[in-house]
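Whatever order the structure lists ligands and atoms in, that order sets their numbers, starting from 1. Quantities reported herein were computed from a predicted structural model and do not represent experimental measurements.
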Amino acid sequence: MKVLVVGSGGREHALVWKLSQSRLVSKIFTAPGNPGTAIHGENVPIKADDIHGLRDFALKEGVDLTVVGPELPLTLGITDLFEKAGLMVFGPSKKASVIEGSKVFCKELMERYGIPTAGFRVFEEPDEAYTYIRTVGGAMVVKADGLAGGKGAIVCRSEDEAMGAVRLIMEEKAFGEAGRRVVIEEFLDGEEASFIAFTDGRTVVPLASSQDHKPVYDGDRGPNTGGMGAYSPAPVVTDTLRDEILHRIMIPAVRAMEGEGRPYRGILYAGIMITKDGPKVLEFNCRFGDPETQPLVVRLRDDLLDVMVRTVEGRLQGTELEWDERASVCVVMASKGYPGDYEKGKVIEGLERADTLPDVVVFHAGTSLRDGKVVTSGGRVLGVTGLGGTIEEAIENTYRAVGMIHWDGAYYRRDIGMKAIRKSAGGN
Ligand code: AMP
Ligand code: GLY
């Protein structure tokens, strides 16, 4: 089969790497891709949000399956457009992707169907939001309704911070139209985990558990990023908790979408806060996580293409995924300054040596080629991913590879995976 993967980040390199191992795949295109995806196929210079250009390309090349990485093309309706053209595509429809595209929709859905989540209010007028904030006080979370590139949720420790967040989103319009409405929700205390599953609209097939590290600095300090590292499995998600999340959150969410006339097919990703009152949903995403996909694909034993085709064709019933028993860790190497401003075009040294280490894969994200050399071109540059018999070994292998890679201004967290160690040791 000819496959087209849409996107250019670490998640897409990880998907392409895994798909390239499928017996069913004859050729992989990535649009627009990065130097990492080019190792396994051909990069095509079409942007991920140019959904018409992508459709024309898929028709011209006779692409058999298109796999959509990021949320933007999904919310723009790439799936509907491809299906209308008779093309097979992995990812939810426009109507279904709204679960990520609108936080207001997502929260109201959860409320209607009794899916556990933080208490919330929706505001269209800043003055009403300010009055509400003054009334409730304390810590709360202010979220722009629409897509904001992972920056639209602002965790506020005080009334003043919350007022500032509303001002930024609604009055200064930091995220444009996405901030026309805000959700203000109760602050939840606990540990986060990512729960990602395939669903064909009826059957839900969970992937292994994983955990992201969103804040930029060690010890979960500093502003949130797209994710500075991840590991799998996440010991905080015990078997009991996994079943609870599956039966109280994931399956009800898929049924709820069906009930709303928005049948859901593809990946459903729940960001979960494990609170003392049980798991609660922070958000739903309509796609694979980045960087969670990197540690997940290196552990997945099944043929990814086969699972994707079964998802699209509604044949997931009876599917159970098999996982490498080992643990995996992905450390994101970023440009100094990210998630704020940073410099680009720095030559990256040591990539090949790191990539030849056993049980290590270096996934590219914000890289490009200049005069035959790999240079930095984004905030999150690489996702160095390693396996180990224990989480400690996985951490050691991964950081050994990270230590071999250099560029002027490389930054990474030094504590990726440490929470898992504390958890396995019975602490927290
Ligand atoms: P979201 O985009 O809604 O997942 O929010 C991004 C991040 O903000 C989450 O991964 C959490 O770290 C944090 N967050 C979101 N909602 C809450 C909440 N209600 N309580 C505490 N932290 C939250
Ligand atoms: N790692 C967080 C996300 O993919 O949204």
Side-chain angles (χ1 to χ4, degrees), residues 7 9-12 14-15 68-72 74-75 97 99-107 110 116-121 136 138-157 161-162 165 169 175 178-179 182-196 207 209-216 220-232 234 249 267-277 279-296 330-332 334 339 363 365 379-380 383 413 416 419:
R11 164 184 53 210
E12 286 74 25
L15 293 173
V68 187
E71 61 279 13
L72 184 57
L74 291 167
T75 57
S97 309
I99 201 162
E100 175 166 1
S102 167
K103 299 243 188 234
V104 172
F105 171 84
C106 181
K107 295 294 289 190
M110 290 192 274
T117 187
F120 72 102
R121 291 276 302 270
V136 292
M140 63 194 96
V141 186
V142 179
K143 300 182 178 183
D145 175 38
L147 294 182
K151 294 181 188 154
I154 306 176
V155 178
C156 306
R157 303 275 157 192
E161 279 182 38
I169 297 174
F175 312 113
V182 295
V183 171
I184 301 186
E185 65 179 48
E186 168 200 4
F187 174 82
L188 296 177
D189 216 357
E191 186 166 339
E192 281 185 65
S194 304
F195 200 95
I196 304 176
L207 280 82
S209 60
S210 56
Q211 193 179 56
D212 189 7
H213 297 62
K214 289 207 165 101
V216 68
D220 284 342
R221 286 173 302 111
N224 271 349
T225 66
M228 294 301 293
Y231 61 85
S232 172
I249 292 172
I267 286 288
L268 183 63
Y269 161 152
I272 305 277
M273 186 72 89
I274 297 156
T275 72
K276 62 175 182 13
D277 303 321
K280 294 191 179 180
V281 178
L282 297 174
E283 64 169 346
F284 279 114
N285 293 323
C286 60
R287 49 162 178 88
F288 284 100
D290 189 347
E292 292 94 322
T293 303
Q294 291 82 316
L296 286 170
C330 167
V331 174
V332 170
F363 293 118
R380 292 193 290 173
R413 275 181 64 160
I416 304 299
K419 267 189 216 158

Under 4.0 Å from one or more heavy atoms of Lys214, ligand 1 contributes atoms 10 (O)

Under 4.0 Å from one or more heavy atoms of Asp212, ligand 2 contributes atoms 1 (N), 2 (C)

Test side-chain contact (heavy atoms from CB on, under 4.5 Å), reference Pro215, set Val155, Asn224, Thr225, output is Asn224

Closest heavy-atom pair, Pro339 versus Lys151, reported as atoms and distance to 0.1 Å, is O-NZ, 4.0 Å

Is any side-chain heavy atom of Phe195 less than 4.5 Å from a side-chain heavy atom of Ile249? no

Honestly, for Leu282 the part within reach of ligand 1 (heavy atoms, under 4.0 Å) is both

For Asn224, the atoms of ligand 1 under 4.0 Å from one of its heavy atoms are 7 (C), 8 (O)

shortest atom 16 (N) of ligand 1-to-protein heavy-atom contact is with Lys143 NZ, 3.0 Å

Exercise. Give yes or no for whether the N/O distance cutoff of 3.5 Å, strictly under, is met between Lys214 and ligand 2.
Key: no

among protein heavy atoms, the one nearest atom 14 (N) of ligand 1 is Val155 CG2, 4.0 Å

Under 4.0 Å from one or more heavy atoms of Glu185, ligand 1 contributes atoms 16 (N), 17 (C), 18 (C), 19 (N)

Work out whether the distance between some heavy atom of Ala230 and some atom of ligand 2 is less than 4.0 Å. no

Cys106 and Phe284 have their tightest heavy-atom pair at SG-CD1, 3.7 Å

Checking heavy atoms under 4.0 Å, the part of Arg11 that sits near ligand 2 is neither

Looking only at heavy atoms, the pair that brings Pro291 and Val332 closest together is CB-CG2, 4.0 Å

- Does a side-chain heavy-atom distance below 4.5 Å link Val68 with Arg287? no

When distances are taken from atom 12 (O) of ligand 1, the protein heavy atom at minimum range is Glu192 OE2, 2.4 Å

Atom 22 (N) of ligand 1 has as its nearest protein heavy atom Met273 CE, 3.8 Å

of all protein heavy atoms, closest to atom 5 (O) of ligand 1 is Ala153 CB, 3.3 Å

For Gly226, the atoms of ligand 2 under 4.0 Å from one of its heavy atoms are 1 (N), 2 (C)

Closest non-hydrogen contact found for Cys330 with Gln294 is SG-CB, 3.9 Å

Quick note on ligand 2: atoms under 4.0 Å from a heavy atom of Gly289 include exactly 4 (O)

The closest protein heavy-atom partner of atom 5 (O) of ligand 2 is Arg287 NH2, 2.8 Å

Atom 18 (C) of ligand 1: closest protein heavy atom, distance to 0.1 Å, is Val141 CG2, 3.4 Å

One finds that the ligand 1 atoms under 4.0 Å from a non-hydrogen atom of Lys103 are 1 (P), 2 (O), 3 (O)

Under 4.0 Å from one or more heavy atoms of Asn285, ligand 2 contributes atoms 5 (O)

Between Glu292 and Ser210 the two heavy atoms that sit nearest each other are CG-OG, 3.5 Å

Validation row: Glu100, Leu74 side chains within 4.5 angstrom (heavy atoms): no

Give yes or no for whether the N/O distance cutoff of 3.5 Å, strictly under, is met between Glu292 and ligand 2.
-> yes

Would Ser194 count as a contact residue for ligand 2, given that I'm defining contact as a non-hydrogen atom of the residue lying under 4.0 Å from a ligand atom? no

Could you say whether the N/O atoms of Leu188 and ligand 1 ever approach to under 3.5 Å?
-> yes

Residues Ser209 and Ala234: closest non-hydrogen pair is OG-N, 2.9 Å

Review point. Quick one: are Leu282 and Val141 in side-chain contact, heavy atoms under 4.5 Å?
Key: no

Do Asp145 and Lys107 sit within salt-bridge range, that is, some charged N less than 4.0 Å from a carboxylate O?
no

Given the options Thr117, Thr275, Ile272, Leu188 meets side-chain contact (heavy atoms from CB on, under 4.5 Å) only with Thr275

